[in-house]
Protein chains: 2
Amino acid sequence: MILPDRRKRVTIKDVAQAAGVSTQTVSRVMNKFSYVSGETRQRVEAVVEQLGYRPSTLARSLIQQRSYTLGVVTFGLKYIGPSRTLNGVADKADELGYMLLMKELDNFNTNRIDDVIDSLLARQVDGIVWVAPEIGDNHAWVEERMNKIPVPVVFLAMRPREGIPSITTDNFRGAVMAIQHLLDCGRKKIGHISGPLTWWEADERKRGWHEALKAAGIDTSEKHFTEGNWSSSSGEQAFIQLLESFPEMDAVFVANDQMALSVLREAYRRGINIPDQLAVVGFDNIHESAYFHPSLTTISQDLQLLGEQAVQNVVEMIQARQVNQPVIAQSRFIQPTLIVRESSK
Amino acid sequence: MILPDRRKRVTIKDVAQAAGVSTQTVSRVMNKFSYVSGETRQRVEAVVEQLGYRPSTLARSLIQQRSYTLGVVTFGLKYIGPSRTLNGVADKADELGYMLLMKELDNFNTNRIDDVIDSLLARQVDGIVWVAPEIGDNHAWVEERMNKIPVPVVFLAMRPREGIPSITTDNFRGAVMAIQHLLDCGRKKIGHISGPLTWWEADERKRGWHEALKAAGIDTSEKHFTEGNWSSSSGEQAFIQLLESFPEMDAVFVANDQMALSVLREAYRRGINIPDQLAVVGFDNIHESAYFHPSLTTISQDLQLLGEQAVQNVVEMIQARQVNQPVIAQSRFIQPTLIVRESSK
DNA sequence: TGATATTATGTTATCGATAACATGTTATCG
DNA sequence: CGATAACATGTTATCGATAACATAATATCA
């Protein structure tokens, strides 16, 4: 069948006229429910097909005060973590019939955050998923302004706050699991290479390292960890530094797999056998880590799932609001899992 | 300052009433141009500030037939390539004052593609950036339907087609550069591990490998390459198979860095020295490849830039159309670069 | 100084759809 | 068989903004 030229948009009026009915009847046909006779329905449907009519979601959103669109605020999309999360968000949104209006943050100043929120609201998003992580005080605005935002918002990778919906990997528990595993392997001198400690997630992982060791009666000090910035290159530096300040170290917990990768390489260069002399545990379980040499023991977090659940959450809140149910804001944790590979034993 | 409760939206009418002017005057103040007395302007601006009024982009889009929103169609977001591209798209869109309406494809059937396009158009996107790659005949619809789509569309990672705007890394040239480099290193028996050959990009890289060798007077046959699916695990399989069918191989060009990673590992396990016995060149230049062991020689493609240029392109086409200029559809290539590291010499 | 241009503001129509209300026709039932 | 419910369709108001047109006051110039 030859499709009609779509250069000028076909509107509900065109259809109504061509079918010899009112626009209201066309609307009824398009939206299924309510009474339309079989004959009329068929006639209208035929015209719809023939003209290639698609209702304007825009116009519908305006009158219904509802857009079936979610706002997504991201940060660091060029890294794999945020994009895996975004992927989960996109899949779930699609499944539930929502589109995504995306906004990538570049830096964090509060003015800009207001703009971002406003620009999403100006387009009538029904809810917002905040994928950008908590860094420094970049979420300071949350407590103050949340109740001014007229749609549900769910935060990811944010420190749980009373009365504000959030969902995040349990970074603390993940780190504890990593340390526990190393202790089980008989290691006692466990160092840590952290992510940038302004990041809440990095801080949690470091806290897990510290607390788990403390619980095992082992003290940690400044000498036992160094700070990276998530990148492989920073990991290399951090490792070299750590070797100097903590030479007797027999295991290291690295805050992400990228940094762990360069630990593996640098260890090899220096003739440090992994895992015999030094056990290594990463965090994230990126696809490649199973193919590092040696393959990397790591804490797996399901970011895809995280994204999906966040969308599920917002949509539930949207629906609850529709029927005027009270919306309960909850903070949820998703538990990561330990994947044991060659780099530890 | 205490922000007003945003639970009920502030409209232009509220502002007009509070300021004692007509809505039109408020509109004039918001949109700068046209005559408004200084006094009135100030009064209106004060009210806008006080009520926290933000115009509804939705309503504006409806009347202006223009949304300042671009549709983005992605595929495989959980992989790093597409997300780097998306990052470029997001940055540039932001810079040019556009928002992004995102749609992630899961699989490819033509019906769904129609739906995707329709759902974007129903929201009045001003243009579309098609980030999803060409796989099999999933772009077959393009030639037939492009002229029915009433807004500019730019395709990425698509075989250039007459009259259809596209922009893509020059995969063929990249592969040729890789092979040329290996030839320059004195290698003559150069194998190839390709991506899935239904992907146009994978096919181009393979073609580059084949043609470059042919130009150097070296024949290739079925035995000299195997096919992977981009993943590290498939790369491992493909490499093992290739070692069997092409044991005398002294270099291998691998279609992406993930697969190259497992080639490095498997070679190490088998005691094959890299680069002495076997030189390895990858493709993509992912962040980690500089930290592989040995570090990986690779072809770097700037996906961020690709995304940026695509947006630049669509926006130019949108603007041209605004002033009724003819829009010239061009296919553009972005040249990749060779990064020499330890895995070849 | 009267004609015309500029400035300032308001009124009405419009974008494309649905909500709310109205009306007429056909079934159904006691 | 008359009353009421169910079905079928149309008319008008509305969402929140801007376009197009109208009007009035002031400024400018021959």
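The sequence lines fix the lettering, A, B, ..., with proteins before strands; numbering per chain opens at 1. Just so it is clear, the structure is predicted and the values come from calculations on it, not from any experiment.
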**Nearest listed nucleotide, side chain of A:S37, among D:dA8, D:dT11, D:dA17** = D:dA8
**Request:** Look at all strands and tell whether A:T57 reaches a base, only sugar-phosphate, or nothing, counting heavy atoms closer than 4.0 Å.
**Result:** nothing
**Request:** Sort out the partner of C:dT28 for me: Watson-Crick or G-U wobble, both distances under 3.5 Å, none otherwise.
**Result:** D:dA3
**Complete:** Taking D:dG16, C:dT18, C:dG16 as options, the one with an atom nearest any side-chain atom of A:T23 is C:dT18
**Request:** Determine the contact category for B:V21: base if any of its heavy atoms lies under 4.0 Å from a base atom, sugar-phosphate if only primed atoms, P, OP1 or OP2 are that close, otherwise nothing.
**Result:** sugar-phosphate
**Item:** Side-chain N or O of A:T11 closer than 4.0 Å to phosphate OP1/OP2 of C:dC15
**Value:** no
**Item:** Full working for side-chain hydrogen bond (donor to acceptor under 3.5 Å, both in side chains) between A:Q322 and A:R66
**Value:** CA-CA 10 Å; A:Q322 291 273 305; A:R66 164 125 215 242; 3.2 Å; yes
**Complete:** Of C:dG10, C:dA19, D:dA17, the nucleotide closest to the side chain of A:Q64 is C:dA19
**Message:** If only side-chain N and O atoms count, and only distance matters, is there a donor-acceptor pair under 3.5 Å linking A:N313 with A:Q330?
**Reply:** no
**Message:** Can you tell me which nucleotide in D:dA17, C:dT7, C:dA17 comes closest to the side chain of B:R60?
**Reply:** D:dA17
**Prompt:** What's the closest nucleotide to the B:S22 side chain, out of C:dT14, D:dT14, C:dT11?
**Reply:** C:dT11
**Request:** Look at the side chain of A:T25 and decide which nucleotide, out of C:dG16, D:dG10, C:dT6, has an atom nearest to it.
**Result:** D:dG10
**Asked** Relative to the 5' end of DNA chain C, which residue comes earlier, A:A59 or A:Q24, by the nucleotide with the nearest heavy atom?
**Response** A:A59
**Request:** Send over the distance from A:N31 CG to C:dG16 C1', rounded to a whole Å.
**Result:** 13 Å
**Message:** As a test of reading the structure: which of C:dA20, C:dC15, C:dA17 is closest to the side chain of B:I63, going by heavy atoms?
**Reply:** C:dC15
**Request:** Have a look at A:S56 and say if it touches a base, only the backbone sugar-phosphate, or nothing, with a 4.0 Å heavy-atom cut-off.
**Result:** sugar-phosphate
**Item:** Under 4.0 angstrom between B:Y35 side-chain N/O and D:dT26 OP1 or OP2
**Value:** no
**Asked** Among D:dA17, C:dC21, C:dG16, which is the nearest nucleotide to the side chain of A:I12?
**Response** C:dG16
**Prompt:** According to a strict under-4.0 Å criterion, is A:T40 in side-chain N/O contact with OP1 or OP2 of D:dT9?
**Reply:** yes
